[in-house]
Amino acid sequence: MAHVVPSLDQPSNYKDSQSRMDRLRQQDALSRSSTLYIGNLSFYTTEEQIYELFSKCASPEEGGGIKRIIMGLDRNTRTPCGFCFVEYYTHAEALACLRYISGTKLDERIIRCDLDLGYREGRQFGRGKSGGQVRDEHRSDYDAGRGGWGAQAQRAEIERRREMEERYADAQDGPGAVPVGGGDWKDAGENPLKRARSPDEAEDVSRDVRTKLEDDTQRM
């Protein structure tokens, strides 16, 4: 029965693609690692939420605990982009996370935990062409928790809108353009075709108004 259900504290096939270690050395380093890579996070998950969840596997009474959390950031905007690193003081705490936290929900997303070779400066930034993670670069579905559409789909939509705006501008300015309504009439002042009252007419209007006011006063 020991081989029927795989052990929950075994690392997956995840590896740092930029690591120069061979597979054997990586396995040895992972067997002692106290650092976890956390994936599939929402862009809106905070460091405080991560600390609250992952501290459940900490053992401060045994000299352990969370050493630090490094949030993954978009390389261009410096905003969260869906991953982080959690460093513990002991390897046993990291294994406990693989058992009890990996595959659970945080912010309505199933998160993934993997042993990591260790955080190095620069790894906190996404490696995608647009600054985020590579997986969000090529994603074709809509995921509200990870910025909506994938980066390529967003660029394609921006390009489509730009082409439509240019085509619309050409239709207005080019030969055979269709005239469209505008707002220039608002600044044109009084209608130049409307005849102005003469001084005599203006005096007649004023007299009529005064007479009507006097009649209304007498009736009261």
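The model shown is predicted, which means the values in this text are computed figures rather than measured ones.
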### Task
Check step by step if side-chain contact (heavy atoms from CB on, under 4.5 Å) holds for T79 and F43.
CA-CA 8 Å; T79 55; F43 286 5; over 6 Å; no
### Task
Check the side chains of S130 and E137 for a donor-acceptor pair under 3.5 angstrom, ignoring hydrogens and angles.
yes
### Task
For R75 and G128, indicate whether the former's side chain and the latter's backbone hold a donor-acceptor pair under 3.5 Å.
yes
### T45 and D107: side chain donor to acceptor below 3.5 Å
yes
### Task
Grab the two heavy atoms, one from H91 and one from L30, that are nearest each other, plus how far apart they are.
CE1-O, 3.4 Å
### From CD (Q27) to CG (L117), nearest 0.5 Å
11.0 Å
### Message
With a 4.5 Å cut-off on side-chain heavy-atom distances among I, L, V, M, F, W and Y, is there a chain of contacts connecting I66 to L41?
### Response
yes
#### Entry: Closest heavy-atom pair and its distance - G65, A58
CA-CB, 3.7 Å
### Message
Run the side-chain contact (heavy atoms from CB on, under 4.5 Å) test on I69 and M71 for me, step by step, so that the C-alpha distance in whole Å, both residues' side-chain angles and the decisive distance to 0.1 Å come before the verdict.
### Response
CA-CA 6 Å; I69 295 173; M71 298 295 292; 4.2 Å; yes
#### Entry: For the student: nearest non-hydrogen atoms of C113 and S102, plus distance
N-OG, 3.1 Å
### Task
Can you label the angle between the Y37 ring and the F83 ring as parallel, tilted or perpendicular, going by 30° and 60°?
parallel
### Query
Near E52 CD, under 6.0 Å, is it more than 12 heavy atoms from other residues, nucleotides or ligands?
no
### Query
Are a donor atom and an acceptor atom from the side chains of N40 and R109 found within less than 3.5 Å of each other?
yes
### Query
Which pair of non-hydrogen atoms, one from I110 and one from G103, has the smallest distance, and what is that distance?
CG2-O, 3.5 Å
#### Entry: Single-linkage hydrophobic cluster, 4.5 Å side-chain cutoff, L115 and L53 together
yes
### Task
Look up atom OG in S34 and atom OH in Y89, then write down how far apart they are to the nearest 0.5 Å.
10.0 Å
### Query
How about E108: does its CD atom have over 12 heavy atoms from other parts shown lying under 6.0 Å from it?
no
### Task
Drop me the distance from L73's CG to R123's CZ, to the nearest 0.5 angstrom.
14.0 Å
## Note on the structure
To the nearest 0.5 Å, atom CD1 of I101 lies from atom CG of L106 at 9.5 Å
### Message
Rounded at 0.5 Å granularity, tell me how far OH in Y88 sits from OG in S33.
### Response
12.0 Å
### Task
To the nearest 0.5 Å, tell me how far Y51 OH sits from K56 NZ.
11.5 Å
#### Entry: Cation over ring face, R78 and F125, 6.0 Å, 45°
yes
### Query
Should the heavy atoms of other residues, nucleotides or ligands under 6.0 Å from CZ of R162 be counted, would the total exceed 12?
yes
## Note on the structure
Residues Y119 and T35: closest non-hydrogen pair is N-CG2, 4.3 Å
### Task
Walk me through it: do S59 and E93 pass the test side-chain contact (heavy atoms from CB on, under 4.5 Å)?
CA-CA 7 Å; S59 304; E93 292 170 307; 3.9 Å; yes
### Query
With a 4.5 Å limit on heavy-atom distance, are the side chains of R161 and M164 in contact?
no
### Task
May I ask whether L98 and I50 are part of the same hydrophobic cluster, defined by side-chain heavy atoms of I, L, V, M, F, W, Y residues being less than 4.5 angstrom apart, directly or through others?
yes
### Query
Do V134 and K129 come within less than 4.5 Å of each other through their side chains, counting heavy atoms only?
no
### Query
Applying the side-chain hydrogen bond (donor to acceptor under 3.5 Å, both in side chains) test to Q133, which of R127, R139, R146 qualifies?
R146
### Query
Minimum heavy-atom separation for F54 to C97, with atom names?
CD2-SG, 3.6 Å
